[in-house]
Amino acid sequence: MRWIPATLCALTLVAAGVAASTAAQAAPGCSVTYAKTSEWQGGFGASVSITNTGDAITGWTLEWTYASGQQVGQHWNAVITQSGGEVSARNASYNAAIPSGGKVEFGFNATAGSSNPAPVSFRLNGTTCGDTGTPPTTTTTTTTTTTTTPKPSSFTNPVLWQDFADIDIIRVGDAYYYSASTMHYSPGAPVLRSYDLVNWEFAGHSVPRLDFGSKYDLNGSRGYVRGIWASFLNHRKSNNTFYWGGCVDFAQTHIYTATSVDAQWSKLSTINKCYYDAGMLVDDNDTMYVAYGNTQISVAQLSADGKSEVRSQQVFQTPSNIGTLEGARFYKRNGSYYIWLTRPANGQYVLKASSPFGPYTVQQVLLDMPGPIQGGGVPHQGGMVQTQNGDWYYMAFVDAYPGGRVPVLAPITWTSDGWPRITTVNGGWGANYPMPNLPSRPVKPMTGVDTFDGTALKPQWEWNHNPDTTKYSVNNGLRLSTATVTNDLYNARNTLTHRVQGPTSTGTVTLDLSSMRDGDRTGLAMLRDSSAWIGVKRDNGRNRVVMVNGLTMDGNWNTTGTGTEIASANLSGSRIWLRANADIRPGSGRQARFSYSTDGVNFTSLGTGFTLKNEWQFFMGYRFGIFNHATQALGGSVTVQRFELTTP
């Protein structure tokens, strides 16, 4: 089920700027729109939009009062606290600045009784929106009646057809969080959020920047197929802190923390040891353990502050008849410790012991189990999670190239002696299962339109390597200044990427070309180790729209082909819509096709179909990539006005 928002209630308060008490202070002023986007038995979802009608601000806190016992729960794009009826929403790290006339939005879910009136006023940084010395003269409340969409009785695998591999999954309260690998993309380690294990939304990233060496800056060296992989995510109740950790470059393990997944994450520690394919357990006594390794599986105990290792020892040697085991996840259930391990890429095993340091015994969970995606691989790796109702589920991933590795969900049962069993359908992983017995909550869809409102990128976006932050800006549009002089897209900084939605989807980007300079190249790519793009070349004061293929890498991820132009057309005007339609169903011969428009309505095909590479060795699947680089000199720019991801 995909949630379709329906506005139930909207309250808008508008004010002109209020004179500051001193000349040094910014003149405040604000307009706030509060909308109930969905309601269910005992709760509701809300969206809040702030428009700054005063001087620019570099940080904000919005306050309001609930008069009928409403209680804010999960929230996004703001850090929300509540004491009694008093609610305070503070900016996240990425949306602190609001220019004059700018807008920022955040949302939350909350509980409510039979009465759920909207707040009557809001205060932005202490100033009442609508306060000009007298009470607001205009307050408009509009109420409409909606019908709640019935909850479906079953779900279909994959639960999310996008590339989110090396899954770690946890529950905190009634929310589920999902961490995944990103390799060379930045920010790294995305966190998804769900309330029913089936419908997911982007929440944030655990690694704000790949701060692991100059190669991740794509500035003379490169870090393709390195970076973030097979890391852990967990939550510690004692200090209400989320922990992410991962080994980078087979050398060191970096640990990051945050009090909320969509708040600012920061590096807690670097441990001078590689916890390869690690999983974290926070034990009942608050001790933190990490299971890790390939074939030789070890357990490390961390210090109480999580910054260092207290002890570590090998706890299991994989028998030769099993082969390789890795991808550890660490759990405790009914006094027993479990290390969840994958046999890449067709098996899953589990170790069980009465102590975190063993001794462990092993059982097979699955081997060569038929998967639910036609043409895809065997479900494996990933992790287990227990719902607030006591049910258990296993979220694995399926190799489904050229699209990448996509998540599939199945129920878990337990034998009387404490071993997990996957619930199968006709001997395989089911294409459909009953919906988990969990309450429905609205989540932001994984497809749709982004107009780059506000002053920061939303969490669905990741750069190819770390960006040059001086060469882009977000302010009701994304301005991409050229950051690299190169003929090689794989060497160009500030290529912005978005996952492709399966089984087929279309990405459309709208570009303002008026500030391009001679030699600049901008466009929309199907980006992987074999790539193609549609875009604009500016030479000798003229623009042409072109389709280029033949961008290739070798097995060491060095560029072997910088592309060949195979089709072009003259282009007048300074605005263009570029489109790529991609078929990422598992298998060979899948294609992407490119087209363009000068009015946003009528699209013209350009070039031939581009065959997508479906080998797994690059690990990451295809992405849409928006780029702008120079071939002669820096100084040009384009503005990305809109991106839309649609499915048939």
Side-chain angles (χ1 to χ4, degrees), residues 166-170 179 181 189 206-207 211-212 226-239 241-257 266-320 322-333 335-344 348-363 381-384:
D166 300 336
I167 300 157
D168 204 354
I169 185 169
I170 62 172
S179 181
S181 293
S206 298
V207 182
D211 189 21
F212 313 123
R226 298 182 76 90
I228 304 298
W229 40 264
S231 48
F232 65 73
L233 176 71
N234 215 328
H235 178 265
R236 195 179 189 188
K237 292 181 181 178
S238 64
N239 58 1
T241 298
F242 289 88
Y243 289 77
W244 177 92
C247 172
V248 176
D249 292 330
F250 303 93
Q252 296 175 315
T253 299
H254 305 271
I255 298 177
Y256 288 72
T257 60
S266 58
K267 186 181 288 188
L268 174 71
S269 176
T270 296
I271 297 174
N272 194 29
K273 183 176 186 178
C274 178
Y275 292 154
Y276 178 92
D277 276 20
M280 173 181 273
L281 168 70
V282 181
D283 208 345
D284 301 333
N285 63 3
D286 201 43
T287 303
M288 293 185 289
Y289 298 99
V290 176
Y292 64 95
N294 174 295
T295 305
Q296 295 179 341
I297 307 302
S298 298
V299 169
Q301 178 183 336
L302 300 185
S303 58
D305 60 9
K307 294 182 178 180
S308 60
E309 179 183 284
V310 173
R311 62 177 287 204
S312 178
Q313 72 180 57
Q314 182 179 335
V315 299
F316 186 76
Q317 175 68 45
T318 304
S320 58
I322 293 178
T324 297
L325 291 180
E326 60 181 22
R329 298 289 176 245
F330 208 177
Y331 306 103
K332 188 178 185 180
R333 176 184 180 271
S336 293
Y337 294 84
Y338 297 86
I339 301 178
W340 193 247
L341 296 164
T342 194
R343 179 187 187 272
Q348 196 69 27
Y349 289 76
V350 63
L351 310 183
K352 180 174 178 274
S354 59
S355 161
F357 290 100
Y360 283 90
T361 55
V362 62
Q363 278 199 9
Q381 209 160 332
M384 294 189 295

Show your working on side chain to side chain contact (heavy atoms under 4.5 Å, CB included) between Ile297 and Tyr360 and close with a plain yes or no.
-> CA-CA 10 Å; Ile297 307 302; Tyr360 283 90; over 6 Å; no
With sequence neighbours excluded, give me every salt bridge (Lys or Arg N to Asp or Glu O under 4.0 Å) pair touching residues 301-314.
->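 Every pair satisfying salt bridge (Lys or Arg N to Asp or Glu O under 4.0 Å) with a residue in residues 301-314: Lys273-Glu309.
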Ring geometry between [Y] and [X] (parallel below 30°, tilted from 30 to 60°, perpendicular above 60°):
{"X": "Tyr289", "Y": "Tyr337", "result": "perpendicular"}
{"X": "Tyr331", "Y": "Trp340", "result": "perpendicular"}
{"X": "His254", "Y": "Phe212", "result": "tilted"}

Could you tell me whether the side chain of [X] and the main chain of [Y] form a donor-acceptor pair under 3.5 Å?
{"X": "Thr324", "Y": "Thr295", "result": "no"}
{"X": "Asn234", "Y": "Met280", "result": "yes"}
{"X": "Asp166", "Y": "Trp229", "result": "no"}
{"X": "Asn285", "Y": "Thr287", "result": "yes"}
{"X": "Arg329", "Y": "Ala278", "result": "yes"}
{"X": "Gln348", "Y": "Gln381", "result": "yes"}
{"X": "Thr253", "Y": "Ile271", "result": "no"}

Could you tell me whether the side chain of [Y] reaches within less than 4.5 Å of the side chain of [X], counting heavy atoms only?
{"X": "Phe242", "Y": "Ser206", "result": "no"}
{"X": "Ile339", "Y": "Val299", "result": "yes"}
{"X": "Val248", "Y": "Arg226", "result": "no"}
{"X": "Asn294", "Y": "Asp277", "result": "no"}

Side chains of Tyr243 and Arg236: is there a donor and an acceptor less than 3.5 Å apart?
->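 Side chains of Tyr243 and Arg236: pair found under 3.5 Å.
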Supply the atom-to-atom distance [X] [atom1] to [Y] [atom2], rounded to the nearest 0.5 angstrom.
{"X": "Leu268", "Y": "Ser308", "atom1": "CG", "atom2": "OG", "answer": "9.5 Å"}
{"X": "Ile228", "Y": "Cys247", "atom1": "CD1", "atom2": "SG", "answer": "10.0 Å"}
{"X": "Tyr338", "Y": "Leu281", "atom1": "OH", "atom2": "CG", "answer": "12.5 Å"}

Are Leu302 and Ile255 close enough, and set up right, to give a side chain to side chain contact (heavy atoms under 4.5 Å, CB included), and what steps lead you there?
-> CA-CA 11 Å; Leu302 300 185; Ile255 298 177; 4.3 Å; yes
Begin with the C-alpha distance, continue with both residues' side-chain angles, and end with the deciding distance and a verdict on side-chain hydrogen bond (donor to acceptor under 3.5 Å, both in side chains) for Thr241 and Thr257.
-> CA-CA 7 Å; Thr241 298; Thr257 60; over 6 Å; no
Non-hydrogen atoms of [X] and [Y] that approach each other most closely:
{"X": "Asp211", "Y": "Lys267", "result": "O-NZ, 3.8 Å"}
{"X": "Trp244", "Y": "Ser231", "result": "NE1-OG, 2.8 Å"}
{"X": "Phe232", "Y": "Asp168", "result": "CA-OD2, 3.4 Å"}
{"X": "Gly227", "Y": "Asp249", "result": "N-OD1, 4.4 Å"}

Can you list the steps and then say if Ser312 with Tyr275 is a side-chain hydrogen bond (donor to acceptor under 3.5 Å, both in side chains)?
-> CA-CA 10 Å; Ser312 178; Tyr275 292 154; 5.9 Å; no
